[in-house]
Structure formats: C-alpha cells, structure tokens
**Q** 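Following this message is one structure expressed as structure tokens.
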Amino acid sequence: MEQASIVGFVLSLISVFVGMVIKGAPFSILINPAAFLIIIGGTFSCLFIGFRMFQMKNFPNLVKKVFTQPQLQERGELLKTFIELSQIARREGILALENKVQEIPDPFFRSGLGMVIDGMEPEFVGDVLDAEISVMQERHALGQQMFQQAGTYAPTLGVLGAVVGLIAALGNLNDIDALGHAIASAFVATILGIYSGYVLWLPFCNKLKVMSGQEVALKRMIVEGILSLQAGDSPTAIEAKLMVFIPQSEREAIKNG
C-alpha cells in the first residue's frame, strides 16, 4: 500500500470529524442521502458525459493505483544491472547479452535491449523507445484528467446542492423549528462537494502526476543505458551517464554499496 495516500486519507477524515466536534456540529447532519446523490451521482454523471465508456471502466483501477505502492525497480539496482551488462558486452560482444534478456523483468527494458541485440540502428531504437514513453505519458495524462475534472465538478455541484436545499427550506417558512435544521442540511452538499473535490479528487490527480513522473524518469534512464550499451561505452562511462538520474542524496550509498 502507498503509505502517504493512506495517511493523508485517514488524516483528512480525522480533521473533518474533529473539526465538526470542535464547532459543535452533530455527525447526524451528514446523514443526508440527497446531498450524497447530488455530489457523488452528479460528479460521476459529469465524468460519464465527458469521457468514453471504456475510459470510465478504468476509473476503479486509477483509484486503486493511488493507494498502491508502484512496483518500480530501484535506480541503484538498475545502474548495477547496466554496469554488469556493459562488462559482459565489452568482454564477449553485444550478442552475448541475449542470454540476459529473459532475466530482465521490465518489458520496456527487455524490448529495448532486444532491439539492440538484433542490430537495429541507434536512431531507430531511440525513436521507438521515446514513442513508447510518449504514449505512456498520454495514457497517464488521461487518468489524471479524469480526477482533475472530478475535482472541478464536485465543489460546484456542492453549491448546486446547497441552493436546492435552501429552496426546499425556504419553501416552508411557517415551521420555524424545522427551518434551522433544513438550512443546516442544505450546506451538507457544499461540505461534501468541497471535501471530495479538494481533499480527494485533486490530490488523487497530483499523486498520479508524481507517480507518472517517477516512471518516466526511470524509463529515460533505461533508454540512456540501452543506447550507451549499443554505443559500446565503458562501464565507467555508463555509470557516469546514469548517475545523473539518481538523486544526489543516494549517490554515495550506491557507490559505497
């Protein structure tokens, strides 16, 4: 599980409920099916209108991804892998890496190395791998856009829900005792809209952007390593090139390890 997402979600719930207790607002006021219908139902209706059905079917997977730790190879391990491959290639030739291809778990890495072993031109290999990264970024951007749109719709629907609640409340001014409760209930939709929009959907969008950036950076490192192998660079040169992709704080530990 992605610990930061879990901590943030739990902390948001605690903040809202503790804040309600401090303000003296009763929890029972949140039991408002109409508000939930307007916010949740309204948000998803907007998403269904704005996106294709096959895209919406992926929505649960996107939510799951936010709370799941991405299975990305450590950059230090990736660096060691490239150094090992370069040593083999310099001793036995690039074709000797064919036995190592199937040991590589990353399909992107495996595909790129396979093209190099097959003798394809460096420019072609780079173009293919860059195109694959671009397609992946477009796919990631679509998922981010879904959450971003949901974060835009939900607060506005909260205002809509409050207006609907106020219309219902003001339609019966004769019952003064019920009027206060009705007005308070009207603003539950606003709470739900702001909470879901600014505490859930937009942060979800940002988390996907962060995760996408990490994956792109890792793939850029793989591309640089593969092209360096193809160019016949020495292990020392490859280490110097790929070390650029590793944060300064981790470099000493990798060198000493």
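Owing to the predicted nature of the structure, the values given are computational and were not obtained by experimental measurement. Computation of the quantities below employed the complete heavy-atom set of this structure, encompassing side-chain atoms and omitting hydrogens, waters and symmetry-equivalent molecules.
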**Q** Are the side chain of Ser111 and the backbone of Pro107 linked by a donor-acceptor contact shorter than 3.5 Å?
**A** no
**Q** Main chain of Phe9, side chain of Ser12: is a donor-acceptor contact present, judged purely on distance under 3.5 Å?
**A** yes
**Q** Between Lys100 and Glu103, is there a salt bridge with N-O shorter than 4.0 Å?
**A** yes
**Q** Give a yes or no on this: more than 12 heavy atoms of other residues, nucleotides or ligands lie within 6.0 Å of atom CD of Glu98.
**A** no
**Q** Please state whether the rings of Phe109 and Phe82 are parallel, tilted or perpendicular, taking 30° and 60° as the class boundaries.
**A** parallel
**Q** Just wondering, do Met136 and Phe108 contact through their side chains at under 4.5 Å, heavy atoms?
**A** no
**Q** Test your reading of the model: is there a side-chain donor-acceptor pair from Thr190 to the backbone of Gly158, 3.5 Å cut-off?
**A** yes
**Q** So which atom in Ser45 and which in Gly42 form the shortest heavy-atom distance, rounded to 0.1 Å?
**A** OG-O, 2.6 Å
**Q** Quick check: closest heavy atoms across Ser234 and Arg90, and the distance to 0.1 Å?
**A** CA-NH1, 3.6 Å
**Q** Please check if atom CD in Gln69 has more than 12 non-hydrogen atoms from other residues, nucleotides or ligands closer than 6.0 Å.
**A** yes
**Q** Within a strict 4.5 Å, meaning less than it, do heavy atoms of the Asn58 and Met146 side chains meet?
**A** no
**Q** Please confirm whether the backbone N or O of Leu218 pairs with a side-chain atom of Gln73, one donor and one acceptor, at under 3.5 Å?
**A** no
**Q** Check this for me: does any side-chain nitrogen of one of Asp130 and Arg220 sit under 4.0 Å from a carboxylate oxygen of the other?
**A** yes
**Q** Please report the C-alpha distance between Phe59 and Phe44 in whole Å, then the side-chain angles of each, then the deciding distance to 0.1 Å, and finally whether the ring pair (Phe, Tyr, Trp, His ring centres under 6.0 Å) criterion is met.
**A** CA-CA 10 Å; Phe59 191 86; Phe44 278 97; 5.3 Å; yes
**Q** Can any side-chain N or O of Asp118 pair as donor or acceptor with the backbone N or O of Met120 at less than 3.5 Å?
**A** no
**Q** Could you give the distance from NZ (Lys209) to NE2 (His140), rounded to the nearest 0.5 Å?
**A** 14.0 Å
**Q** Is there a side-chain contact between Asn206 and Phe147, using heavy atoms and a 4.5 Å cut-off?
**A** no
**Q** Between Lys219 and Gln137, is any pair of side-chain heavy atoms under 4.5 Å apart?
**A** no
**Q** Are any non-hydrogen side-chain atoms of Leu72 and Met211 less than 4.5 angstrom apart?
**A** no
**Q** Side chains of Met20 and Leu30: does their closest heavy-atom pair fall under 4.5 Å?
**A** yes
**Q** Could you list the cluster mates of Ile194? Members are the ILVMFWY residues connected by side-chain heavy atoms closer than 4.5 Å, either directly or through other members.
**A** Tyr198, Leu202
**Q** I'd like to know if the side chain of Ser5 reaches the main chain of Val66, judged simply by a donor and an acceptor atom lying under 3.5 Å from each other, with no hydrogens or angles considered.
**A** yes
**Q** Considering non-hydrogen atoms only, spot the tightest contact between Ile29 and Ala184 and give its length.
**A** CD1-CB, 4.1 Å
**Q** When you measure from the side chain of Glu250 to the backbone N and O of Pro247, does any donor-acceptor pair fall under 3.5 Å?
**A** no
**Q** Are Ile238 and Leu85 close enough that some pair of their side-chain heavy atoms sits under 4.5 Å apart?
**A** no
**Q** Rounded to the nearest 0.5 Å, how far does CD1 of Ile246 lie from CG of Leu79?
**A** 4.5 Å
